[in-house]
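The shown structure was predicted, so the numbers you read here are calculated from the model rather than taken from an experiment.
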Amino acid sequence: MQNEFMQAMTDSMTPKFAVSYLRVSTRGQAERGGGADEGFSIPAQREANKKKALSMGAIVGKEFVDRGASARSADRPELQKMLEYINENKDRIDYVIVHKVDRLARNRGDDVDITRQLKEANVQLVSASESIDNTPAGMLLHGIMSSIAEFYSQNLANEVKKGLNEKVKNGGSVSKAPLGYINVRKVDDRGREERTVEIDKDRGELVKFAFEEFATGKWTVKALAENLAMQGLTTRATPNIPSSIINRGALNKVLINPYYKGVVIYKGVEYAGSHPKLVDDSTWESVQTVLRTHWNGERDREHPHFLRGTLYCGVCGSRIVVNYSKSKTGVIYPYFECNGRHSRREKHCDLRSILIEEVERQIEAMYEEYNLAPEFRKLLEKSLYDEIEKSQKDFEAEETNLRREKEKLDHKSKKLLEAHYNEAISLELMKSEQTQINKLLADIESRLKAHTTKFEKIVGSLRCALDLIEDCGKTYKYADEHIKRILNQAIFEKILIMPNKKITAEFAEPYKSILAPIQDIIARFNKAKSDGYFDLTTYINLFQTQLKIFLGGGLNKELLVEIKGFEPSTFRMRTERSPTEPYPRCN
């Protein structure tokens, strides 16, 4: 009996060993005030747990802190470390102290599982602010508080979802703004906080440039990323990740994000955002089309050449690639060949290889054929200007109809969202209908863009186009390879190598519309001129006749809005005055 009494006295004088567990829900709580890495909440919990331990005659020998971790799941690193520590030291741990039960778990199932593990280790759970113990009343209170914590967590999640749904319905952004935008917090004169999104003045213009350039189809994502990096485009720094230059992966995420065309996506549904657009719908759709065409991936070619990406096989339509062949004497001959035939993907293609020098010579000769003589340019330019002026009234009437159609589609989109909110249609049907509406809206916006373009801008774009082909033979022949590449991509959609090894080409817009109908007359005139025998009056009469036939069906204004196919300007085009006056030349 005396031994039992002495053991009880010894036990009562020996301090109990406690483990303290602290948690805050968000990283923001962990970082606001209070010191390095810890907000006000963590030190307050720590102090309360220590006081509770002292009141029970225990000391806190170990502490575990989860910063920015939700209690909706038990998969928290420090909680799991604590349970492992308790299992390894069960003989000397008496208590686990938490500030409140909801710090440990806000899920009833996790709470039961954690409590079971503590009970198996003979460790008592103690709350610093609640009367939780091993008595029936304490266990009842524990169960009640755990249920209340679970209810609070689920109710809070529902309220957050409601808030997010309401926010996106009103055009708000529910996440961090992507590259090119910045999140802004404003406080009005009544102290109310407003969170908005604005265009990043340092990065916005470069992101817009990226979309406009990639839409031309003349860039790979990697090449454009390198160009943007040279211009100084960098990612935004975060607390954990420093700012870095834009790379291929980051740019690809930008190009596929519909946020830049004014769309916020939440739970797979598109909402019209209230943030400013960086690109219009038609440009964004063009970018998606270009991305889809890169089905075989983007890779650097083993043998680069300024004609790559422009030359195609006239038999099977495959790209033309560069290869090298070594003769028996050791001489290396560079030549073009069809990639479809080379890879044996196109079994019926019979296009034979052709020396690169021969292709280059033929392309130079082709440019000579398309030289636009000053006399022809004057007639063509004046005729096109007159036709554009005549078409203004027709365009204005069509513009009104387009705007009405756009309003109908916008209204249909809103009704579609309302039906989805009321659970009248499925998410899959909602997405399908939105996709169709977006395509129609992009087409209308593209046509409206053409109609709203100033007449002077159209004339300026037209003059730039004609500048390129006036005396283009000499320009191309003496240009360096980089300029030749730009000229080819600006004027031609494709340059084809035919089975007889002759070169032909398909014009790109606007040349396809304004030159293709008269290219035979231009070629015949240039051939006669080079032979030294031609009748200028006869050819001018033929040219005028063909122009009347060509312009008789009207002119598509949209094709003249801009010259497509240019990379960033790297050279100055001709600067002499146009014979038709009075508009300035393209520089």
Side-chain angles (χ1 to χ4, degrees), residues 168 171-182 197-200 203-225 227-228 233 235 246 248-266 268-295 298 402-403 405-407 409-410 412-414 416-417 430-453 509 558-559 561-568:
V168 295
S173 301
V174 294
S175 59
K176 181 181 177 182
L179 188 68
Y181 292 94
I182 54 174
V197 173
E198 296 179 355
I199 295 176
D200 188 338
R203 298 177 175 87
E205 284 301 316
L206 286 175
V207 171
K208 182 179 179 181
F209 167 83
F211 274 94
E212 292 173 347
E213 284 301 311
F214 196 79
T216 65
K218 307 304 180 182
W219 293 88
T220 64
V221 176
K222 181 179 179 181
L224 185 55
N227 183 283
L228 292 168
L233 181 60
T235 60
I246 190 85
R248 176 179 175 177
L251 180 58
N252 190 70
K253 290 180 180 179
V254 168
L255 295 176
I256 63 175
N257 192 345
Y259 191 89
Y260 296 97
K261 65 170 182 174
V263 172
V264 176
I265 294 182
Y266 181 64
V269 179
E270 294 185 358
Y271 300 84
S274 58
H275 59 279
K277 295 182 180 181
L278 267 175
V279 297
D280 56 58
D281 289 354
S282 59
T283 301
W284 194 84
E285 289 294 341
S286 296
V287 168
Q288 307 317 301
T289 300
V290 173
L291 286 171
R292 286 192 294 269
T293 60
H294 292 178
W295 61 273
E298 296 175 348
L402 287 172
R403 293 194 181 281
E405 188 64 26
K406 186 175 185 296
E407 290 176 2
L409 289 171
D410 287 334
K412 183 178 179 180
S413 181
K414 290 178 182 178
L416 200 62
L417 283 173
M430 168 74 176
K431 291 179 181 179
S432 176
E433 290 294 322
Q434 273 195 339
T435 300
Q436 295 300 321
I437 291 174
N438 289 339
K439 288 181 179 179
L440 292 172
L441 285 172
D443 179 63
I444 289 175
E445 185 168 332
S446 177
R447 292 160 68 184
L448 283 173
K449 179 181 177 182
H451 290 305
T452 55
T453 303
E509 295 292 1
E558 183 178 357
L559 297 174
V561 173
E562 60 183 346
I563 300 178
K564 298 179 180 179
F566 278 101
E567 295 180 4

Point-to-point distance, once rounded to the nearest 0.5 Å, from CD of Glu212 to CG of Asp280: 8.0 Å
Would you compute the distance between atom CG of Leu251 and atom CG of Leu179 and round it to the nearest 0.5 angstrom? 9.0 Å
What is the distance from atom CD1 of Ile246 to atom CZ of Arg203, rounded to the nearest 0.5 Å? 9.5 Å
Looking at every non-hydrogen atom in both residues, tell me the closest pair between Val287 and Leu255 and how far apart they are. CG1-O, 3.8 Å
May I ask you to check whether over 12 heavy atoms, not counting those of Lys176, lie within 6.0 Å of atom NZ? yes
Spell out, as yes or no, whether a donor-acceptor pair under 3.5 Å connects the side chain of His275 to the backbone of Val264. no
Rounded to the nearest 0.5 Å, what separates atom CZ in Phe214 from atom CG in Leu291? 4.0 Å
Would you name the heavy atoms of Gln288 and Ile256 that are closest together and state the gap between them? OE1-CA, 3.8 Å
Starting at NZ of Lys222, measure out to CG of Asn252 and round the result to the nearest 0.5 Å. 14.0 Å
Would you say NZ of Lys406 has more than 12 non-hydrogen atoms from neighbouring residues, nucleotides or ligands within 6.0 angstrom? no
Can you name the nearest heavy-atom pair linking Pro276 to Ile199, along with the distance? CG-CG1, 3.7 Å
With heavy-atom distances below 4.5 Å as the criterion, would you say the side chains of Tyr260 and Thr283 are in contact? no
Kindly compute the distance separating CG (Asn227) from CH2 (Trp219), expressed to the nearest 0.5 Å. 4.0 Å
Can you name the residues that form a side chain to side chain donor-acceptor pair (under 3.5 Å) with Tyr181, not counting sequence neighbours? none
Minimum heavy-atom separation for Leu278 to Gly180, with atom names? CD1-O, 4.1 Å
Any side-chain heavy atom of Phe211 within less than 4.5 Å of one from Lys261? no
